[in-house]
Amino acid sequence: MSGHILPPSFYDREVVTVARELLGMRLVHKLDGARLSGIITEAEAYRGEEDLACHARHGRTSRTAIMYGPPGHAYIYFTYGMHWMLNCVTGPEGFPAAVLVRAIQPVEGLEMIAKRRPGVESDQWCNGPAKLCQALGLDKKQNGADLCNETGGLWIEQGTAISDSQVITGPRVGISNVPEPWRSIPWRFRVVW
DNA sequence: TTTACGATCTAT
DNA sequence: TAGATCGTAAAT
């Protein structure tokens, strides 16, 4: 049983638009035959080589090549010596842009998620980009996975629509060493319940 | 090859 | 408020 998987055309748009519309969608990771999933509640847009907060600011490298590829793929990278982050590559192909998925609200596979986040309260399981990767079991193995079908074990399904009145926008997080206007541009989208 | 530094989280 | 801990990319 699965919902409607978002098609490539969903991702083949402006990265800021995709970041906003990803709110309310359902992120699914198939692990050991089980569905681990959650509703996306927070996302940020990273857009092009000019965006000095974007990893592609230094041009195309082996690490960032995925962001230059076709939309609808996962860009998962490692940072701070211990954390994985999940991004969704957006279009058009050849232009480096991606949406960082910063938080989800767990829906399926809660027992498995609980085991992955020992000693942590349920409302803290996935309320951070590295936390949700740990909770869902995402790491280098899913880097480059096609999000538009189930073969990669990772995809995003149609969810519930989130109205503008439920969305807060603001500057992106964790980029305090980045110069303006990138540091303050409101490319962060968050759902308030 | 070496160094510096992260799109973070957790414990102190 | 600092420590964990290592891949990446710039500097040497």
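Just so it is clear: chains get the letters A, B, ... in the order the sequence lines come, proteins before strands, and each one is counted from 1. Note that the coordinates shown come from a computational prediction; the quantities given were computed from them, not determined experimentally.
- To the nearest angstrom, C1' of B:dA7 lies 10 Å from CE of A:Met67.
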Q: Decide ring pair (Phe, Tyr, Trp, His ring centres under 6.0 Å) for A:Tyr77 and A:His55; before the verdict, give the C-alpha distance in whole Å, the side-chain angles of both, and the deciding distance to 0.1 Å.
A: CA-CA 10 Å; A:Tyr77 69 89; A:His55 283 174; 4.4 Å; yes
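- With hydrogens and angles disregarded, no donor-acceptor distance shorter than 3.5 Å links the side chain of A:Asp32 to the backbone of A:Ala34.
- Residue contacts shown for A:Met82 include a base, since a base heavy atom lies under 4.0 Å away.
- In terms of phosphate contacts, A:Thr79 brings no side-chain nitrogen or oxygen within less than 4.0 Å of OP1 or OP2 of B:dT8.
- Comparing A:Asn177 and A:Pro129 by the nucleotide of DNA chain B that holds the closest heavy atom to each, the one mapping nearer the 5' end is A:Asn177.
- When each of A:Arg102, A:Arg172, A:Arg20 is checked for a salt bridge (Lys or Arg N to Asp or Glu O under 4.0 Å) with A:Glu44, only A:Arg102 meets the rule.
- Atom CZ of A:Arg47 and atom C1' of B:dA7 are 17 Å apart (whole Å).
- Side-chain N/O atoms of A:Glu180 and A:Trp182 include no donor and acceptor closer than 3.5 Å.
- Taking 3.5 Å as the limit, the base of B:dA7 and the side chain of A:Tyr77 contain a donor-acceptor pair of atoms between them.
- If you find the closest nucleotide of DNA chain C to A:Lys140 and to A:Gly81, the one lying nearer the 5' end belongs to A:Gly81.
- Side-chain atoms of A:Arg183 come within 3.5 Å of backbone N or O of A:Ser176 as a donor-acceptor pair.
- Neither side chain, A:Tyr11 nor A:Glu21, offers a donor N or O lying under 3.5 Å from an acceptor on the other.
- Here A:Arg117 lies in heavy-atom contact (under 4.0 Å) with sugar-phosphate atoms only.
- Closest to the side chain of A:Ala130, out of C:dA4, B:dT8, C:dA9, is B:dT8.
- In this structure, A:Leu86 places its CG atom 14 Å from P of B:dT8, rounding to the nearest Å.
- Checked by distance alone, A:His58 brings no side-chain donor or acceptor within 3.5 Å of a matching partner on the base of C:dA10.
- Following rounding to the nearest Å, A:His83 (NE2) and B:dT8 (C1') show an atom-to-atom distance of 4 Å.
- Between A:His55 and B:dA7, a side-chain N or O to OP1/OP2 separation shorter than 4.0 Å is present.
- Atom CH2 of A:Trp84 is separated from atom P of B:dC9 by 15 Å (rounded to the nearest Å).
- Comparing the C1' positions of B:dC5 and C:dA2 gives an interatomic distance of 16 Å, to the nearest angstrom.
- Both A:Val173 and A:Gln124 lie close to DNA chain B; mapped to their nearest nucleotides by heavy-atom distance, the more 5′-ward contact belongs to A:Val173.
- Of all nucleotides present, only B:dT8 satisfies the Watson-Crick or G-U wobble test against C:dA4, with each distance under 3.5 Å.
- Taking atom CE on A:Met85 and atom P on B:dG6, their separation rounds to 13 Å, with Å as the unit.
- Between A:Trp125 atom CH2 and B:dT10 atom C1' there is a gap of 18 Å when expressed in whole angstrom units.
- Side-chain proximity of A:Arg63 to the nucleotides B:dT8, B:dA7, C:dT8 is greatest for C:dT8.
- The side chain of A:Lys131 lies closest to B:dC9, out of B:dC9, B:dT8, B:dA7.
- Nucleotide C:dG7 holds its C1' atom 12 Å from the CG atom of A:Asn143, rounded to whole Å.
- Between A:Phe78 and C:dG7, no base-stacking contact is recorded for ring centres under 5.5 Å apart and planes less than 30° from parallel.
- Between B:dT8, C:dA9, B:dA7, one nucleotide has an atom nearer to the side chain of A:Ile175 than all others, and that is B:dA7.
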